[in-house]
Amino acid sequence: MSTKKWKNMDAGLLTMIAKVARNEALSAADEASIADFLKGYAGTSSDNGFATGPTGDVRGNNTLRRTNWFNGRYLTAEALSRQDVYFDARARLNAQAMMPGIAWGLGLSADGLNQTGIDSESRVGGVSPTAEIVLAPGLAFDAIGRPIVVSQPFFVFTIEQLLGAYRKTPQKVIGGGNDFTPCVCLAPDPAGPTGGSAGLPSGPYLLIIQASESESGGAKVMGEICGGAAAANCKADTWRCGFGLSLVRFPVDTPFRQDLQSAWDLRGTLSAYYFDVFEHPLWKRWDPRFGTDATFNADTGVGRHDTSAVPLAMVYLGEDGSILFLDQWIPRRTISNSQADNWHRTRFGAPPRAAAWARIHQFQCMLAESIAQRPVDPDGNNLFTRGFRHIPPIGFLPIQPRAADGEFDTGFDTIDKMLAAAQGSRWLVSPLVKSAIKQGESYFRTTRVIPYAVVALHDDDILEDLNNVFDKDPIQLSRRLDDTTGGTTVPGGGTGGGTGGTGANTHYSTHQATLFQGGLKQQTEAVALPGYFRILGNLFEMMGLDDLVNRRTEIVKLVVPLQGLTRQHPLVGRLPEDALNQAERWGVNPLLTAGNALGQLGTINESAEAMAGLISRIGLDMLPRHFVVYVKQRLVLLDALFYLLEVLQFLITFLQEVRGFTRSGQQKALTTEELRAQYLRQPAEKRAIVEALMAQPDVQANLVQAADMSSSGLAVTTRNQAFLAQVQTTEAALENTVADPAERKRIAVGQVADTYAAEYPDYQLVQVLAAVQPTQTLAVVNKLSVKRTTEVTRTLADDLVQDGPAHFADTGARPIYADLRAGLESRKVADYVRGSDTQLTVKEVLAKTPEEAQQLLGAESYEKFRSAFQADRAAAVAGAEALAKGVPADLAVKVEAEIQAGKPAEAVIEKLQTETAASSANRPVLDQTANLLRITGGQASFLKLVKRT
């Protein structure tokens, strides 16, 4: 002690110290004096070695308590015990942040294990229960974070040792529910032997390991020496950590079936049962409330924080008590995650798993709450109007099961009509899938997200997408806007990154943007491109490459998972529980169609029999689930394909411009020469790339394959043979006027392509190819002219055009004829054959072979149709030639004024005919126009194509 302290210490204080040394009692005044002395030398309350912080406005307490140490405090057993408990609890909480289970080691080995003959059907004669089993060193954590350490190099035990404890206090395992828990909970087994009975049921058991503590040694106590004769107050010196092994009953009775005979059969079956019945019933993975219940909106839950046991192996005891098999990997679940993984992921810009999971849960939570406010319906699903702007790369979209409406859209009109007439929705699941797809698409209606649909035959395919999509960025949602200033749609559906303008000349698009509808069905403008180019044009309008790269347009896959109604499980048989809960909402009533009444809730076999009866009645063996999954798609292209698509996008753009109206209202003719002029304006580097690509045989073969697969008009073999012959004829006619052979061929290919495009709209693709590279265009047409396994045979349209496509001296006649021809094809066959009740269009019949058309219409009606159509086509050719010469401006103004006033075009022309003298120069034009309106059924669009004189 320092000199200063000695000086400050008075005699009274020394007297009190002496009292303490002699174990004499201190008075209250003495204790106060000592406390006052120690104030200057003990640490302050804030100097306790632990950081302090704000206490918060509202305070709460938990069960953690640590001892407050300071100089002069009595060192008591209670204080030290409290400190031990505190740090033990802190360590357990850290362990609870990890998944419980086996960290490493704890393997099992024994001589002769699992050596039963594969073909042996005996349930006796396994390894003796007295055989020694070796437990390897290892570490595990139970559900409350207690470590289970086996430190001995070889810990030896026998099953017989474990059976003794089981006979006295039999226990069984409690199922994990939906947790996939790596630990198991135990409960008394009333079916097991009690009171030491020798009876022991054969069957499966789990070998488990649990944390334990035991007293060890004797502690010295003041005034008493432990171990002596009077050691009544002695306590154990330490609590020694350890582990305990037990054998507990696995509560499942394996049936005696033809396919469950050997020990290996039992082992394989129990493996399946443990994984998809005991741990988590996979058939109930997505029950009908999935996606709208509180699980997405709730916290992560308390999990399993109880004194559970860690399973090491499944042991099957035979009827003689022997070990038929010991399988470590049926119940064993190891810890296989680390913080280092998240560190590496974030360094590369990928979200940690916690962030990826959180954004999915946030989306599902917000969507569930939104649906609670406004239920799912065909018009109310739109995610953008529900407030979503960025959504995770995968999500579950709830749908309402509803019966099929009887309308079909298979893409084949004849099949659709047959299904509708036969009430096919009662024995096909595809209409229900179509309903699910439409509801899934409605979530993205009016947004710039383009969905396409697939069907998942196995519902676990969704989990594959879930695993693969974690690292993708969110999907951006924005409205799809149409610019209506010029009557056309701006490619991409808006400006400024998809947000679009807000002026008077913009409006929200109301059509449903899907790849199928966009490419094949949509026609958003009056001058939309026909045929193959209409498909490409609409697709580029919706998803230009620049929009995709800048994420103004997103593409998602909609997955419709199916649930089978007669799925078999190795142990529990058919599993139709989910389907039964929603079958009636899909328009299928099991009570009316099943072979017997439904059983009580939970009686799987009776329910399964009811569903089997349903299937036997109507043949329905599957249903969609009650949600559709969207998945952001991986968008990568071969570099060559990217170059080709980029240039095609440019070609589409100027193709639309060429077909657009000029200020005078006259439409330009679509010619290969004009297309070539536009093409030559492109940068030389891009033109070089396109020409190099078009010269590749693989690219040419792909164009041919695409034509064949789409049943395009380009794919008719004989039509292409005639095309090549016509090119040769035209090239020969140009020999005296064009000296350069290459230029002569280019012009000839372009002129023939122009002629064919007027008769067959799909040949506009050939026009563009001819504008780009005429030599390689002929190579493509050559491939299309060769007989192929998928070739399109000669059609009725080719048969009726006996002399080939119409040739016009005036290029202005060709667009007029193309419009008239389209008008003829859109009419009903009944318009040509009086008394016919067919709903077929002219286009549908022209696409058939002559033999098919005759069989479809009947011989008499077929001849009437041929004759009438050929007459109308001849009238269209003559009318196009006549109107191509031009119409007097004053007459055109009168016609436009009357039509704009709302009068039918036919009535307007008829009135002008009456008012115009037969000798007038306008009368032939009016007569020709009246005839053209008659043959097209009053379609007057061709009038806009006529030039004024």
Side-chain angles (χ1 to χ4, degrees), residues 529-533 651 655 669-676 694-695 697 699-735 738 741-788 790-809 811 813-815 817-818 821-822 825 843 846-847 849-850 873 877:
L529 305 173
Y532 186 79
F533 257 118
L651 295 178
L655 185 60
L670 181 64
T671 66
T672 303
E673 288 299 321
E674 289 174 315
L675 289 173
R676 181 165 180 78
M694 284 299 302
V699 174
Q700 298 170 7
N702 286 337
L703 289 173
V704 173
Q705 186 178 13
D708 287 334
M709 292 178 64
S710 63
S711 299
S712 168
L714 291 173
V716 180
T717 304
T718 55
R719 192 178 295 173
N720 290 299
Q721 292 170 352
F723 182 98
L724 295 174
Q726 186 62 42
V727 169
Q728 291 181 351
T729 302
T730 305
E731 188 176 2
L734 295 172
E735 188 171 359
V738 181
E743 180 68 8
R744 187 164 61 243
K745 183 176 291 294
R746 184 188 67 78
I747 295 174
V749 172
Q751 289 181 358
V752 177
D754 292 345
T755 300
Y756 269 71
E759 194 76 45
Y760 310 111
D762 286 351
Y763 274 80
Q764 285 191 3
L765 175 62
V766 180
Q767 283 183 291
V768 175
L769 296 179
V772 173
Q773 201 168 11
T775 302
Q776 305 306 334
T777 300
L778 288 179
V780 173
V781 177
N782 270 321
K783 289 181 171 63
L784 289 168
S785 66
V786 176
K787 287 186 175 296
R788 306 176 301 284
T790 57
E791 72 169 307
V792 179
T793 57
R794 183 176 177 84
T795 66
L796 179 59
D798 298 297
D799 194 58
L800 295 180
V801 183
Q802 296 176 352
D803 298 328
H807 294 268
F808 300 98
T811 56
R814 191 161 46 78
Y817 172 72
R821 168 86 183 199
E825 290 184 346
K843 184 177 182 179
L846 292 179
T849 65
R873 177 181 176 274
V877 172

Can you tell me how far apart CG (L784) and OG1 (T717) are? Round to the nearest 0.5 Å. 8.0 Å

Side chains of K745 and L778: closer than 4.5 Å at any heavy-atom pair? yes

Side chains of E759 and V801: does their closest heavy-atom pair fall under 4.5 Å? yes

Does the side chain of R719 reach to within under 4.5 Å of the side chain of T795, using non-hydrogen atoms? yes

Scan side-chain atoms only and decide if N720 and Y756 contain a donor-acceptor pair under the 3.5 Å cut-off. no

Mind checking the OH-CG spacing from Y760 to L846? Nearest 0.5 Å is all I need. 9.5 Å

Locate the shortest heavy-atom distance separating A797 from R821; write the atom from each residue and the value. CB-NH2, 4.0 Å

Return the CG to CZ distance between N782 and F723, rounded to the nearest 0.5 Å. 10.5 Å

CG-OG1 distance between D799 and T849, expressed to the nearest 0.5 angstrom: 10.0 Å

To the nearest 0.5 Å, what is the distance between CD on E825 and CZ on R873? 10.5 Å

Which heavy atom of P805 sits nearest a heavy atom of T755, and at what distance? CB-CG2, 3.7 Å

Please report the shortest heavy-atom distance between A748 and L734, naming the atom on each side. N-CD1, 4.1 Å

Looking just at side-chain N and O atoms, do R746 and T672 make a donor-acceptor pair shorter than 3.5 Å? no

Exam field: side chain R744 to backbone V738, donor-acceptor pair closer than 3.5 Å: yes

Which one of V752, V781, T729, V749 satisfies the side-chain contact (heavy atoms from CB on, under 4.5 Å) criterion with L724? V781

Of all residues at least two apart in sequence or in a different chain, which pass the ring pair (Phe, Tyr, Trp, His ring centres under 6.0 Å) check with Y817? F808

